[in-house]
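In what follows, a single structure is set out as structure tokens and then discussed.
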Amino acid sequence: MVITGIQALDNLINELSKLPGIGRKTAQRLAVFILKSEDSFPLHLSEAIRRVQEETRLCQRCFNIAEDRLCRICADPRRDKHKICVVEDIVDVMAIEGSNEYNGLYHVLGGVISPLAGVAADDLRLKELVDRCNTEEIQEILLALNSSTEGEATMIYISKLLRDKNIRLTRIASGIPMGSNLEFIDTATIGRAILTRQNL
Ligand SMILES: [Zn+2]
């Protein structure tokens, strides 16, 4: 789309507009900031963007972001290996880690069941979760999905899936407003929701 008529600048504005939460005006402001910044910044920025994909992958166990076969949480001997916190996305791991109230492992589903968005149970990493329940010494599964209709439906689906296993099933407590994403909730509220988690 032509904005300024200067191809390189328009190109940058259009690319920045694709980022979540970035509207056209913010993209223009960022593009002009990059344009006017000192020589090293655009290079460092583009290098950081390139490296984030080249030097990371998904943890083979929990599907969190990792540099090696296992993420730093799975590889950490101080973490409680008897607990798994099930989240929708990598940003939710970051949000819960920020609360400092959880010391177990994670399992990143990669979404929630959403017929409208064409996401079925088979599209999520549910089989991998069941496999982990069968092979690891799991005592508690804490469901920490966003409190949307889809998140609620997915939590019910998972609780049915794991019902016959000898594992305590919990969900983060209310206090997380309906329809809100964990990543936008302050860490103290998340911490409270984990501490006051409820049995399913
Ligand atoms: Zn991991």
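Counting convention: from 1, in listed order, for ligands and their atoms alike. The model shown is predicted, which means the values in this text are computed figures rather than measured ones.
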Who pairs with A153 by side-chain contact (heavy atoms from CB on, under 4.5 Å), at least two apart in sequence or on another chain? none
Going by the rule side-chain contact (heavy atoms from CB on, under 4.5 Å), which residues pair with Q60 if we only count those two or more places apart in sequence or in a different chain? R69
Hydrogens and angles aside, do H107 and R125 bring a side-chain donor and acceptor to less than 3.5 Å of each other? no
Sequence neighbours left out, what pairs pass side-chain hydrogen bond (donor to acceptor under 3.5 Å, both in side chains) with at least one residue falling in residues 6-15? T4-D10, E15-K18
Short of 2.8 Å from the Zn ion (ligand 1), name each protein N/O/S atom, waters not counted. C59 SG, C62 SG, C71 SG, C74 SG
S148 backbone acceptor or donor facing N146 side chain under 3.5 Å: no
SB check E97 R79 (cutoff 4.0 Å): yes
